[in-house]
Amino acid sequence: MSVRAYNTMARAKEDFLTRDPGKVAMYVCGPTVYNHIHIGNARTFLSFDVIRRYLTFRGYDVRFVQNITDVDDKIINRANEEGRSATEVAHEYTVAFQKAMADLGILPPTVQPKATETITEMIDMVQRLIDRGHAYVVEGDVYFSVRSFPGYGKLSGRDIEDLESGARVDVDERKHDPLDFALWKTAKPGEPHWPSPWGEGRPGWHLECSVMSERELGVTFDIHGGASDLVFPHHENEVAQSEAATGEPFVRYWLHGGLLQVNAEKMSKSLGNFMLLKDVLVEYDAPIIRLMMLQTHYRSPLEFSTERLNEARVAYERLLVPVREVKRALESDAGWAARPATTEERKAFVGNIGNARDKFQAEMDDDFNTAGALAAVFELARATNRFLGGFGIGEHSENAPVLSQSAQTIIELLGVLGIAMPEARAGEYPKEVVKVAAELAGYSGSDPRAAVEALLAARSAARTERNWAAADAVRGGLEALGFTVEDTPRGPRVTYSPEN
RNA sequence: GGCGACGUGGCCAAGUGGCAAGGCAGGGGCCUGCAAAGCCCUUAUCCCCGGUUCGAAUCCGGGCGUCGCCUCCA
């Protein structure tokens, strides 16, 4: 079985065959750095991060390129509003973008070119287009002539005539055709500018991706990704520019992600209904955000709400429990068995592990179906809970290897989706617990860990005396500080998990 | 107006011809002093109407509804 992917150009799922065997050349449109990215932007970057991770998992050597658009009208506008330079604005939000990506657990691109560092190549492509009769100069501006490229509209499934009849495009007298778009713009006073054969100016937005992808990946590269709102005109224009300039097909597979919505409406900066990624990350850890988003297929619209994030928090915990419980059992329950597992029962459990792995891969192979893949992991989590609860480690620790294997599989498969286990917080018990221990357990030291031990001992004593009020006071005191106290057949256990 | 996508249990969401995954929430049970966690059981005429087929959530036609793009947008 090979990977299949939905190709916007073909309007169908296709077998994924790369230009060079074993290698993937992949490009995803990056942000225009005029503001912090919102959670909708983040979804797209997350989708392609997972696609990249999965292709790597499948053994491909992935070269992943994502640009930064650091010269653009929006950046200039923002700079003017704030009375500072465009360079300053771009730099601030470039740094913020990179940090937010890292915080969401998104792997850094192999290369991250900036528009302002690719000006020479931009000018070169504009010149190539002019030379080949696909672009024309008007008073220092250069426009691409859509009529000169017969394939215009093939990506988005549009027809030039239809576009023009319904056109709300502003009529610029200087353009040969209303659909022609700027490759190079004359700089107004105070705007960033670079010298060119057509005068001082700056590149048009659509040009950037064509140039940077060609520079980093060559002409017909494997995957070009972005959100579906970029299909037209951005990607359509890229196809036109690149294919007109090179005479070669631009991209093998066009992948487009669905949009994130709020109240059934697209989240966008212009609509003002957005939440910034960095703000969401304050309340919810990256694995929770990732889990929430990946439970929906990347091409489907995704309704965003804090309710869904809260649900994902619970679901994430469900995935953590078997891993945590297996680890704990391996550490402290050696030789314990609720009842012995038969060889067949153990074999069946090993089968569950294999099935989860197979299903995970089959789902991901089928157009990166993360929702289906996650279902496989949830199923393995249940099987692990059942096996551990039913049989334990085994009298002679005979179940230890399979339990360990299962927990490792859960960790590994989640890892392919970039959903990390929580970081160990060993030794980070809060100091307040000492005071509670002094109050309820007569503890006189200052070590939080010993204080917890003292509290548990006091609670056990109270329970032996059937003094439920005292026992519950201890549990309540611990829970108020973020501990969970649970009684098991093997004795009480405490887990510390401060709310994130 | 043009082009495209979607409509699956209370909510979210996989599944694109053969007994309807998974998560959240709810109900019942086991376990527990009570809990928690876990396990077991439990909730679907797959928007409507026709058609094709031995068989349709899945294919075709029509209708209704929602969303996206057509202007900057991830």
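Every chain is numbered from 1 and lettered A, B, ... according to where its sequence line falls, protein lines coming before strand lines. Being a predicted model, the structure only gives us computed values, none of them experimental.
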A/R78 near the nucleic acid: base, sugar-phosphate alone, or nothing, with a heavy-atom cut-off under 4.0 Å? nothing
I want to verify a distance call: between B/A13, B/G33, B/G23, whose nearest atom is closest to the A/A471 side chain? B/G33
With both distances kept under 3.5 Å, what pairs with B/C46, Watson-Crick or G-U wobble? none
Are any of A/R382's side-chain N or O atoms less than 4.0 Å away from OP1 or OP2 of B/G23? yes
Suppose we call a contact any N or O donor and acceptor under 3.5 Å apart; does that hold for the side chain of A/R459 and the base of B/G33? yes
Answer for the Watson-Crick or wobble partner of B/C34, both distances under 3.5 Å, is none
Under-3.5 Å donor-acceptor pair between A/D487 side chain and B/C34 base: yes
A/F378 side-chain proximity, nearest of B/G22, B/C39, B/G33: B/G22
Side-chain donor-acceptor pair under 3.5 Å between A/S145 and A/H176, yes or no? no
So, A/R78 and A/E81, do they make that salt bridge, N to O below 4.0 Å? no
Name the nucleic acid region contacted by A/E317, choosing base, sugar-phosphate or nothing; use a 4.0 angstrom heavy-atom cut-off, strictly under. nothing
Heavy-atom donor-acceptor pair, A/R475 side-chain to B/A35 base, under 3.5 Å: yes
Among B/G68, B/A21, B/G23, find the nucleotide with the atom closest to the side chain of A/K359. B/A21
Looking at the rings of A/F16 and A/F368, which for Trp means the six-membered one, are their centres under 6.0 Å apart? no
Between B/G33, B/C39, B/C69, spot the one nearest the side chain of A/D472, thanks. B/G33
Where the side chain of A/R290 meets the backbone of A/G105, is there a donor-acceptor pair that is under 3.5 Å apart? yes
Watson-Crick or G-U wobble partner of B/G65, both distances under 3.5 Å: B/C6
Does A/R463 make a side-chain donor-acceptor contact with the base of B/G33, cut-off 3.5 Å? yes
